Amino acid sequence: QVQLVESGGGLVQAGGSLRLSCAASGGRFSGYTMGWFRQAPGKEREFVAMISRSNGYTRNVDSVKGRFTISRDDAMNTVYLQMNSLRPEDTARYYCAASARFTVATIRESYDYWGQGTQVTVSS
């Protein structure tokens, strides 16, 4: 059983930056593909970015390409999401997730464990 705790959210002006962190405990972190999802009010939870176990392959949703970067530190059991050039439409609750079953995972059903989320609000 893996526990995930996100941090780093907050209120930022458009064009600003935030770095989200997700600390994992209770499992072998290096064996999990890690992902970030977000959910805005009234909308479905959507995939944002993932980083695979073993080789660190990454994939982002088109709307954040060139602005968001996912990374991981297996020694620290932590995955990060660096968010630059933030826009009001990035406002959402951001969730960290871990997949034990898949090396490449871009849908909710591929993930086995979820954090409680951290709120990101971007003002215009």
Side-chain angles (χ1 to χ4, degrees):
Q1 189 77 12
V2 175
Q3 292 80 45
L4 303 172
V5 179
E6 303 95 334
S7 62
L11 173 64
V12 63
Q13 288 189 329
S17 298
L18 284 173
R19 187 175 83 153
L20 305 184
S21 300
C22 172
S25 61
R28 187 175 66 89
F29 181 76
S30 61
Y32 293 96
T33 286
M34 300 300 297
W36 286 97
F37 287 72
R38 65 186 179 186
Q39 187 167 18
K43 294 189 176 182
E44 294 288 318
R45 190 172 299 188
E46 67 168 349
F47 168 77
V48 175
M50 60 141 282
I51 185 164
S52 69
R53 56 193 177 196
S54 69
N55 65 0
Y57 168 78
T58 64
R59 187 178 291 183
N60 294 351
V61 69
D62 285 348
S63 60
V64 308
K65 284 181 179 177
R67 300 188 299 123
F68 291 11
T69 303
I70 188 171
S71 62
R72 65 189 296 160
D73 185 338
D74 288 350
M76 297 294 292
N77 292 349
T78 301
V79 62
Y80 303 97
L81 186 67
Q82 177 67 44
M83 305 187 295
N84 299 327
S85 302
L86 282 161
R87 304 168 180 169
E89 53 264 39
D90 295 318
T91 294
R93 191 163 186 85
Y94 284 71
Y95 296 88
C96 171
S99 175
R101 295 171 288 138
F102 296 95
T103 299
V104 177
T106 61
I107 62 174
R108 292 178 59 180
E109 291 78 7
S110 296
Y111 286 86
D112 305 292
Y113 304 102
W114 293 84
Q116 293 300 305
T118 185
Q119 180 66 34
V120 172
T121 302
V122 184
S123 64
S124 57

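Values in this document were obtained by computation on a predicted structure and should not be read as measured data. Computed over heavy atoms, backbone and side chain alike; hydrogens, waters and symmetry mates excluded.
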Inset, instruction - Not counting sequence neighbours, which residues clear side-chain contact (heavy atoms from CB on, under 4.5 Å) with Thr121? List them please. - result: Leu11, Thr91, Gln119
Inset, instruction - Check the side chains of Arg53 and Ser30 for a donor-acceptor pair under 3.5 angstrom, ignoring hydrogens and angles. - result: no
Inset, instruction - Report the residues that fulfil side-chain hydrogen bond (donor to acceptor under 3.5 Å, both in side chains) with Thr69, sequence neighbours left out, ordered by chain and then residue number. - result: none
Legend entry - Donor-acceptor contact below 3.5 Å, side chain Ser124 vs main chain Pro88: no
Legend entry - Co-membership, hydrophobic cluster, residues Phe29 and Phe102, 4.5 Å side-chain: no
Legend entry - Gln3 atom CD, neighbour heavy-atom count above 12 within 6.0 Å: yes
Inset, instruction - State which residues pass ring pair (Phe, Tyr, Trp, His ring centres under 6.0 Å) with Phe37; sequence neighbours excluded, sorted by chain then number. - result: Phe47, Tyr111, Trp114
Legend entry - ILVMFWY network linking Tyr94 to Val61, side-chain heavy atoms under 4.5 angstrom: yes
Inset, instruction - Look at the side chain of Glu6 and the backbone N and O of Thr118, then say whether any donor-acceptor pair between them is shorter than 3.5 Å. - result: no
Legend entry - Gap between atom CZ of Arg72 and atom OG1 of Thr78 - 0.5 Å precision: 10.5 Å
Legend entry - Listed once per pair and sorted, the salt bridge (Lys or Arg N to Asp or Glu O under 4.0 Å) pairs that draw on residues 98-110, sequence neighbours left out: Arg101-Asp112
Legend entry - Sequence-distant partners of Ala98, side-chain contact (heavy atoms from CB on, under 4.5 Å), two or more places apart: Leu4, Tyr32, Met34, Tyr113
Inset, instruction - Indicate yes or no: at least one non-hydrogen side-chain atom of Tyr95 is less than 4.5 angstrom from one of Gln39. - result: yes
Inset, instruction - Quick one: which residue pairs count as a disulfide bond (SG atoms under 2.5 Å apart) with a foot in residues 32-72, not counting sequence neighbours? - result: none
In a table with atom names and distances, give each donor-acceptor pair under 3.5 Å that connects a side chain of residues 17-25 to protein atoms at least two apart or in another chain.
| unit_1 | atom_1 | unit_2 | atom_2 | d |
| --- | --- | --- | --- | --- |
| Ser17 | OG | Asn84 | OD1 | 2.9 |

Inset, instruction - For Arg93, enumerate each residue passing the side-chain hydrogen bond (donor to acceptor under 3.5 Å, both in side chains) test, keeping only those at least two apart in sequence or located in another chain. - result: none
Inset, instruction - Go through the structure and list residues passing side-chain contact (heavy atoms from CB on, under 4.5 Å) with Ser85, not counting sequence neighbours. - result: Arg67
Inset, instruction - Go through the structure and list residues passing side-chain hydrogen bond (donor to acceptor under 3.5 Å, both in side chains) with Ser7, not counting sequence neighbours. - result: none
Legend entry - Connected via hydrophobic side-chain network under 4.5 Å: Leu81 and Val5: no
Inset, instruction - Only counting residues at least two apart or in another chain, list the ones meeting side-chain contact (heavy atoms from CB on, under 4.5 Å) with Glu89. - result: Arg87
Inset, instruction - Please tell me if the side chains of Thr33 and Val104 come closer than 4.5 Å, counting only heavy atoms from C-beta onward. - result: no
Inset, instruction - Using a 4.5 Å cut-off on heavy atoms from C-beta on, say whether the side chain of Thr103 contacts that of Tyr57. - result: no
Inset, instruction - Provide the full list of salt bridge (Lys or Arg N to Asp or Glu O under 4.0 Å) pairs with a residue in residues 20-45, sequence neighbours left out, each pair given once. - result: Arg38-Glu46, Arg38-Asp90
Inset, instruction - Pick out which of Ile51, Asp73, Ile70 makes a side chain to side chain contact (heavy atoms under 4.5 Å, CB included) with Tyr80. - result: Asp73
